[in-house]
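Please read these numbers as outputs of a predicted model, since none were measured by experiment. Every chain is numbered from 1 and lettered A, B, ... according to where its sequence line falls, protein lines coming before strand lines.
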There are 2 protein chains.
Amino acid sequence: MVSEIERPAPEQSHTRAVEDYLKAICVLQRETGSVQTSALAQRLSRTPASVTNMVKSLAEQGLVEHVPYYGVRLTLAGERAALRVIRRHRLIELYLIRHLGYSWDRVHAEAERLEHAASDELVERISAVLGHPEIDPHGSPIPGPEGEWQERTYPALSELMPGQTGVVREVSDADPERLRYLADLGLYPSTPVTVLGRAPFEGPLRVLVRGEEKLVGSALAAMVRVELTHEQAR
Amino acid sequence: MVSEIERPAPEQSHTRAVEDYLKAICVLQRETGSVQTSALAQRLSRTPASVTNMVKSLAEQGLVEHVPYYGVRLTLAGERAALRVIRRHRLIELYLIRHLGYSWDRVHAEAERLEHAASDELVERISAVLGHPEIDPHGSPIPGPEGEWQERTYPALSELMPGQTGVVREVSDADPERLRYLADLGLYPSTPVTVLGRAPFEGPLRVLVRGEEKLVGSALAAMVRVELTHEQAR
DNA sequence: GAGATTTTTTAGTCTTATCTAAAATCCATG
DNA sequence: CATGGATTTTAGATAAGACTAAAAAATCTC
Ligand SMILES: [Mn+2]
Ligand SMILES: [Mn+2]
Ligand SMILES: [Mn+2]
Ligand SMILES: [Mn+2]
């Protein structure tokens, strides 16, 4: 325990609402660069007007840059704060599964609240007990304590072409029911999959999962991220 | 896992502020019957005006009975809600010590926030992992899941007369520094103690703790509750 | 029992976060 | 490049919970 000598730790905590906004912006901006009001509103189940209000406040606090009518981006300070919340969330999810018998589909809701209440000390203890893991139960990377973040983006299962093969790496965790169904299908991180065929017009995919052929709707397949096997990656 | 058949559970949760007020009222009323505005204000570090406001709101929600200028008492619904929070708090404290390496003096602050964020499911899982304990790390009883509450009041160490002997059963947990010092003195639950003498005018006590004589200020001694040994209890 | 003091309540303000309805702006299309 | 539709922002309201300052009630003191 040498760490007691370290800096007294910022521990600056934002409100619950601010933390959830920052987290959402962080995840969304990873895909699209800047984040629209409507996207944020949908993700957080708020009205667009509420989002505009909060975004203005975040901008005043220096956590985001806001170009009216265009969108927001996190500043450096905003990203730091967002990664801190994401780290908490993912460590807590893994802890609940490993040490408290939680199931895959139930941890998200619990972590969504605990992430705002846990101190830095608690989070680091949890990380230590888990052996400082780098991947959460749904396959998402866990940012480091200083916000180290491993960039990686896998294509969605729904984007693959017939014949393509890969390994499931990450699954969206927001909806318990869908998550339970994905588990039934065998679609969770580290499962090898091969796309056998796909119906036109956003129709279902035929996917080979552990020797069995499964039909997967395209909305569901969009929740599943796959690392393509070697040279197949086009 | 038969419990899935049980009732869907009320899980009705109040706000963080409401929960903290109910908890404080519950603890205070155990000593004095009804609770004054000023006592509540001091305990919660709020102004008396804020307390009056909240008390009015609690009364409207049917959680307390309020006689203006006299004080509040919990209703049955209020007591149920309060015991639920106290249960959470104490289970969480014990869990943090047993499973996450927390020290005696640090758990209270952490539990003070987590008690509002943890779901009933999480709390019951924690209780199960701990083997459904009935006493928290500071010696306070843990209410049951349905609010079962074991009445017990021990005299404070500061009230004992020279010559009286007993066993420490409970220690007030609010202040980390004092708590650390009490641990140094050896004054924690299950330690046998004998009062050797006491100075007048709220002066310090001379107390025999595990063969050593210690000087304990009366304010500190008031934090320690002692079960008197057999027929000595006068 | 009349002041003086303490305690509690009232009145009014502030902050955070949300909403609905209306206005402003952007963008696609003809 | 005008206009209709979608998106975003503004305006105004509400709720929770906190505060300060002032008024009211209870209590203490002589
Ligand atoms: Mn999650
Ligand atoms: Mn959250
Ligand atoms: Mn405590
Ligand atoms: Mn609390």
Colleague: Could you say whether A:Q61 or A:P68 is positioned toward the 5' end of DNA chain C, judged by the nucleotide with the nearest heavy atom to each?
Modeller: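 The residue whose closest nucleotide sits nearer the 5' end is A:Q61.
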Colleague: For the pair B:E146 and B:R80, find out whether any cationic side-chain nitrogen is under 4.0 Å from an anionic carboxylate oxygen.
Modeller: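 No, B:E146 and B:R80 are not salt-bridged.
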Colleague: Which listed nucleotide (D:dT9, D:dA18, C:dC26) is nearest to the side chain of A:P48?
Modeller: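 Nearest to the side-chain atoms of A:P48, counting from C-beta on, is D:dT9.
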Colleague: Look at the side-chain N and O atoms of A:T47 and state whether any lies under 4.0 Å from the OP1 or OP2 oxygen of C:dC19.
Modeller: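 Yes, within the criterion.
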Colleague: Please determine if a side-chain N or O atom of A:H66 lies less than 4.0 Å away from the OP1 or OP2 oxygen of D:dT9.
Modeller: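 So the side-chain polar atoms of A:H66 do come within 4.0 Å of the phosphate oxygens OP1 or OP2 of D:dT9, strictly under.
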Colleague: Are A:H116 and A:H14 close enough that their ring centres sit under 6.0 Å apart?
Modeller: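 No, they do not, as the ring centres are separated by 6.0 Å or more.
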Colleague: Rounding to an integer number of Å, can you tell me how far A:Q36 CD sits from D:dT7 P?
Modeller: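 It works out to 10 Å between those atoms.
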Colleague: Using the side-chain heavy atoms of A:T52, tell me which of these nucleotides is nearest: C:dT18, D:dT9, C:dA17.
Modeller: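 Ranking C:dT18, D:dT9, C:dA17 by closest atom to the A:T52 side chain puts D:dT9 first.
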Colleague: Nearest nucleotide by nearest heavy atom, which residue falls closer to the 5' end of DNA chain C, A:A49 or B:V51?
Modeller: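 Result of the comparison: B:V51.
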Colleague: For A:R16 and C:dA17, give me the distance from atom CZ to atom C1', rounded to whole Å.
Modeller: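 Whole-Å distance recorded here is 12 Å.
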Colleague: Would you find more than 12 non-hydrogen atoms of other residues, nucleotides or ligands less than 6.0 Å from A:E65 atom CD?
Modeller: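 No, because the 6.0 Å sphere around CD of A:E65 holds 12 heavy atoms or fewer from other groups.
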Colleague: In whole angstrom, give the distance that lies between atom NE2 of A:H14 and atom P of C:dT16.
Modeller: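 Answer to the nearest Å: 13 Å.
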Colleague: I need the CG-P distance between A:L44 and C:dA17, as an integer number of Å.
Modeller: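 Value for this atom pair: 13 Å.
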Colleague: Is the phosphate of C:dA17 approached by A:S57 (side-chain N or O, under 4.0 Å from OP1 or OP2)?
Modeller: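 No, outside the criterion.
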Colleague: Give the rounded distance in Å between these two atoms: CD of B:Q42 and C1' of C:dT7.
Modeller: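 Distance check: B:Q42 CD to C:dT7 C1' gives 14 Å.
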Colleague: At under 4.0 Å, does any side-chain N or O of A:Y21 touch on OP1 or OP2 of C:dT18?
Modeller: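 Result: yes.
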Colleague: Would you check if A:D173 and A:V107 make a side-chain contact, meaning some heavy-atom pair closer than 4.5 Å?
Modeller: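 The answer is no; the side chains never approach within 4.5 Å.
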Colleague: Are A:S38 and D:dT8 close enough that a side-chain N or O sits under 4.0 Å from OP1 or OP2?
Modeller: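 Checking D:dT8 against A:S38, a side-chain N or O does come within under 4.0 Å of OP1 or OP2.
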Colleague: Without decimals, in angstroms, what is the distance between B:Y70 OH and C:dT6 P?
Modeller: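 In whole Å, C:dT6 P and B:Y70 OH are 19 Å from each other.
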Colleague: Does A:T15 place a side-chain N or O at less than 4.0 Å from the phosphate oxygens OP1/OP2 of C:dT16?
Modeller: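 The answer is no; no side-chain N or O of A:T15 sits under 4.0 Å from OP1 or OP2.
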Colleague: In this structure, are over 12 heavy atoms from other groups packed under 6.0 Å from B:Y181 atom OH?
Modeller: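 Counting other residues, nucleotides and ligands, OH of B:Y181 stays at 12 neighbours or fewer.
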Colleague: Is any side-chain nitrogen or oxygen of A:S50 closer than 4.0 Å to OP1 or OP2 of C:dT18?
Modeller: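 Result: no.
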Colleague: Compare the minimum distances between each of D:dA18, D:dA26, C:dT18 and the side chain of B:Y69, then state the nucleotide with the smallest one.
Modeller: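 The listed nucleotide nearest to B:Y69's side chain is D:dA26.
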Colleague: Considering only D:dA26, D:dT9, C:dT18, which nucleotide approaches the side chain of A:M54 most closely?
Modeller: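 Closest nucleotide among those given: C:dT18.
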Colleague: What integer distance in Å separates A:D20:CG from C:dT18:C1'?
Modeller: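 About 14 Å, once rounded to whole Å.
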Colleague: Please pick, from C:dT10, D:dT9, C:dC26, the nucleotide with the shortest atom-to-atom distance to any side-chain atom of B:N53.
Modeller: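 Of the options given, the side chain of B:N53 lies nearest C:dT10.
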Colleague: Please report the interatomic distance NE2(B:H138) to CZ(B:R90), rounded to the nearest 0.5 Å.
Modeller: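 Going from the NE2 atom of B:H138 to the CZ atom of B:R90 covers 10.0 Å.
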Colleague: Specify the separation, in whole Å, of atom CG of B:L58 and atom P of C:dT9.
Modeller: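 Rounded to the whole Å, the gap is 13 Å.
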